[in-house]
Undergrad: 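Below is one structure. I have some questions about it.
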Amino acid sequence: MKTVYWFILPSILLIFTLCQNNNENKNKSLLPILGEKKIAKVGDKVDTLYHTIGSFTLTNQYGEKITDSITQNKIYVADFFFVTCQSICPKMSYQLKRVQDTFANKSDFLILSHTVNPEHDTVEVLKNYAEKYGAIKGKWHLLTGNKKHIYDLARYHYLVNADETEGEGDLFIHSELFILIDKDKRIRGVYDGTDSLQVNQLIKDIHLLDKEYQQ
């Protein structure tokens, strides 16, 4: 099986995330809020509306229906992968296990991993994969469902790429990025999930985001 990777997240988002550690975090928002923003008038007030993750309905490795309600008042990390990927996906899953184990006792933290090959990655297949990487039930959800729904989530909500091309064998295109989402469903950071140093930064930023909500 051939695998192709194509990364379309606007480079400015990644640049902001990589540079954020140079700031002294003196403001209430300790991390940047990424994605398109709009200025809107709400009553007599002018407010800034940020890009947010919309609704979804998927199924996890236990056959449980998972909707966006699970992320309410949760900080979470999202990514896209597929089980038969033999190049970057194992590296990403290993790094996600590091993140999971760091926050294993944090009740308001989740990981959502979305397969880009839902036809193959059934509930049973995802369960076996989850067991291989020690995914904790209720903490790390490996998600399958309607392919278009998953791809639309990647492109229009998480702002990363997921696609399938025609050709000899299956060619799946997906991002290597981990996306950090806050309790208000806003994107707060993007990180190369194959790079241990960037995942170290992700772990630090989760702690920062937690402090932000404690202010």
Side-chain angles (χ1 to χ4, degrees), residues 3 5 7 9 13-22 25 30-32 34 53 58 60-62 66 70-71 73-117 121 125-144 153-154 158-162 172 174-183 186-214:
T3 308
Y5 303 97
F7 317 124
L9 185 73
L13 299 189
L14 187 54
I15 291 170
F16 273 124
T17 301
L18 297 178
C19 293
Q20 68 197 17
N21 202 37
N22 294 326
N25 299 320
L30 302 179
L31 296 173
L34 306 181
I53 308 303
L58 296 166
N60 72 3
Q61 68 267 37
Y62 298 101
I66 301 297
I70 199 173
T71 66
N73 295 319
K74 297 285 198 305
I75 294 169
Y76 72 97
V77 173
D79 80 310
F80 293 82
F81 80 111
F82 62 102
V83 168
T84 54
C85 166
Q86 296 300 313
S87 52
I88 67 170
C89 295
K91 297 175 185 178
M92 293 169 64
S93 297
Y94 171 76
Q95 294 297 334
L96 280 177
K97 185 179 188 307
R98 286 183 56 215
V99 176
Q100 172 195 249
D101 292 349
T102 302
F103 299 101
N105 297 319
K106 182 173 174 56
S107 61
D108 59 349
F109 176 76
L110 295 173
I111 298 173
L112 303 183
S113 292
H114 309 72
T115 177
V116 296
N117 186 12
D121 295 348
V125 169
L126 289 179
K127 189 171 187 295
N128 290 335
Y129 190 86
E131 290 173 352
K132 177 180 178 180
Y133 288 96
I136 299 172
K137 185 174 184 180
K139 176 68 65 177
W140 184 357
H141 298 273
L142 284 76
L143 302 172
T144 190
L153 278 172
Y158 293 106
L159 306 182
V160 297
N161 198 49
F172 294 99
H174 71 93
S175 172
E176 90 287 26
L177 297 176
F178 293 166
I179 309 103
L180 176 60
I181 309 299
D182 68 16
K183 293 183 179 183
R186 302 172 302 186
I187 300 174
R188 305 303 296 274
V190 289
Y191 313 81
D192 184 340
T194 67
D195 185 329
S196 62
L197 293 180
Q198 288 202 30
V199 175
N200 289 346
Q201 186 62 51
L202 166 61
I203 290 170
K204 292 177 182 178
D205 287 351
I206 293 169
H207 286 297
L208 276 178
L209 195 52
D210 195 38
K211 288 181 181 179
E212 184 176 309
Y213 280 99
Q214 292 174 13

Undergrad: Test side-chain hydrogen bond (donor to acceptor under 3.5 Å, both in side chains) on Thr115 and Tyr129 and set out the steps.
TA: CA-CA 11 Å; Thr115 177; Tyr129 190 86; over 6 Å; no
Undergrad: Only counting residues at least two apart or in another chain, list the ones meeting salt bridge (charged side-chain N to carboxylate O under 4.0 Å, His left out) with Asp108.
TA: Lys106, Lys183
Undergrad: To the closest 0.5 Å, what do you measure between CG (Leu153) and CG (Leu58)?
TA: 6.0 Å
Undergrad: Tell me, do Tyr94 and Leu96 make a side-chain contact under 4.5 Å, heavy atoms counted?
TA: no
Undergrad: Could you go step by step and tell me if Asp205 and Tyr191 meet the side-chain hydrogen bond (donor to acceptor under 3.5 Å, both in side chains) rule?
TA: CA-CA 11 Å; Asp205 287 351; Tyr191 313 81; 2.7 Å; yes
Undergrad: Centroid separation under 6.0 Å, is that true for the rings of Phe103 and His207?
TA: yes
Undergrad: Between the main-chain N or O of Leu34 and the side-chain N or O of Arg188, is there a donor-acceptor pair closer than 3.5 Å?
TA: no
Undergrad: Mind checking side-chain contact (heavy atoms from CB on, under 4.5 Å) for Tyr62 and listing every partner two or more places apart, or none if nothing turns up?
TA: Asn60, Glu64, Lys127, Lys137
Undergrad: Counting only N and O atoms by type, is there a donor-acceptor contact under 3.5 Å from the side chain of Lys91 to the main-chain atoms of Gly193?
TA: no
Undergrad: Give me the atom names and distance for the closest heavy-atom approach of Leu197 to Asp195.
TA: N-OD1, 2.9 Å
Undergrad: With rounding to the nearest 0.5 Å, note down the distance linking CD1 in Ile66 to NE2 in His141.
TA: 4.5 Å
Undergrad: Got Phe178 and Met92 here, is their nearest side-chain heavy-atom distance under 4.5 Å?
TA: yes
Undergrad: In the structure I gave you, are the side-chain heavy atoms of Leu30 and Leu209 within less than 4.5 Å of one another anywhere?
TA: no
Undergrad: Are the side chains of Phe81 and Leu142 in touch, meaning some heavy atoms are under 4.5 Å apart?
TA: yes
Undergrad: Would a distance-only check, ignoring hydrogens and angles, find a side-chain to backbone donor-acceptor pair under 3.5 Å from Gln100 to Ile111?
TA: no
Undergrad: To the closest 0.5 Å, what do you measure between OG (Ser196) and CD1 (Ile203)?
TA: 10.0 Å
Undergrad: If every non-hydrogen atom of His114 is compared with every non-hydrogen atom of Ala78, which pair is closest and at what distance?
TA: CE1-CB, 4.0 Å
Undergrad: List for me each residue that meets side-chain hydrogen bond (donor to acceptor under 3.5 Å, both in side chains) alongside Thr194, sequence neighbours excluded, and say none if there are none.
TA: Asp192
Undergrad: So do Ile181 and Val77 actually touch side chain to side chain, heavy atoms under 4.5 Å?
TA: no
Undergrad: What's the separation between atom OH in Tyr213 and atom CG in Leu208, rounded to the nearest 0.5 Å?
TA: 13.0 Å
Undergrad: In chain order, what residues pass the salt bridge (charged side-chain N to carboxylate O under 4.0 Å, His left out) check against Lys97, with sequence neighbours excluded?
TA: Asp101
Undergrad: Decide side-chain contact (heavy atoms from CB on, under 4.5 Å) for Phe109 and Val99; before the verdict, give the C-alpha distance in whole Å, the side-chain angles of both, and the deciding distance to 0.1 Å.
TA: CA-CA 10 Å; Phe109 176 76; Val99 176; 3.7 Å; yes
Undergrad: With a 4.5 Å cut-off on side-chain heavy atoms, are Thr71 and Ile53 touching?
TA: no
Undergrad: Among all residues two or more places apart in sequence or in another chain, which pass the side-chain hydrogen bond (donor to acceptor under 3.5 Å, both in side chains) test with Ser113?
TA: Asp79, Trp140
Undergrad: Rounded to the nearest 0.5 Å, what separation is found between the CG atom of Leu177 and the CD atom of Gln198?
TA: 8.0 Å
Undergrad: In Å and rounded to the nearest 0.5 Å, what is the CG to CD1 distance from Leu110 to Ile136?
TA: 11.5 Å
Undergrad: Do Leu180 and Ile206 have side-chain heavy atoms sitting under 4.5 Å apart?
TA: yes
Undergrad: Quick check: closest heavy atoms across Cys85 and Pro90, and the distance to 0.1 Å?
TA: O-CD, 3.6 Å
Undergrad: Quick one: list whatever passes side-chain hydrogen bond (donor to acceptor under 3.5 Å, both in side chains) with Gln95, sequence neighbours left out.
TA: Arg98
Undergrad: Tell me, do Phe80 and Val160 make a side-chain contact under 4.5 Å, heavy atoms counted?
TA: yes
Undergrad: Has the side chain of Gln61 got a donor or acceptor atom that lies under 3.5 Å from a matching backbone atom of Ala130?
TA: no
Undergrad: Tell me whether Thr144 contacts the main-chain N or O of Asp121 through its side chain, where contact means a donor paired with an acceptor under 3.5 Å.
TA: yes
Undergrad: For the side chain of Asp182 and the backbone of Ile75, is there at least one donor-acceptor N/O pair under 3.5 Å apart?
TA: no
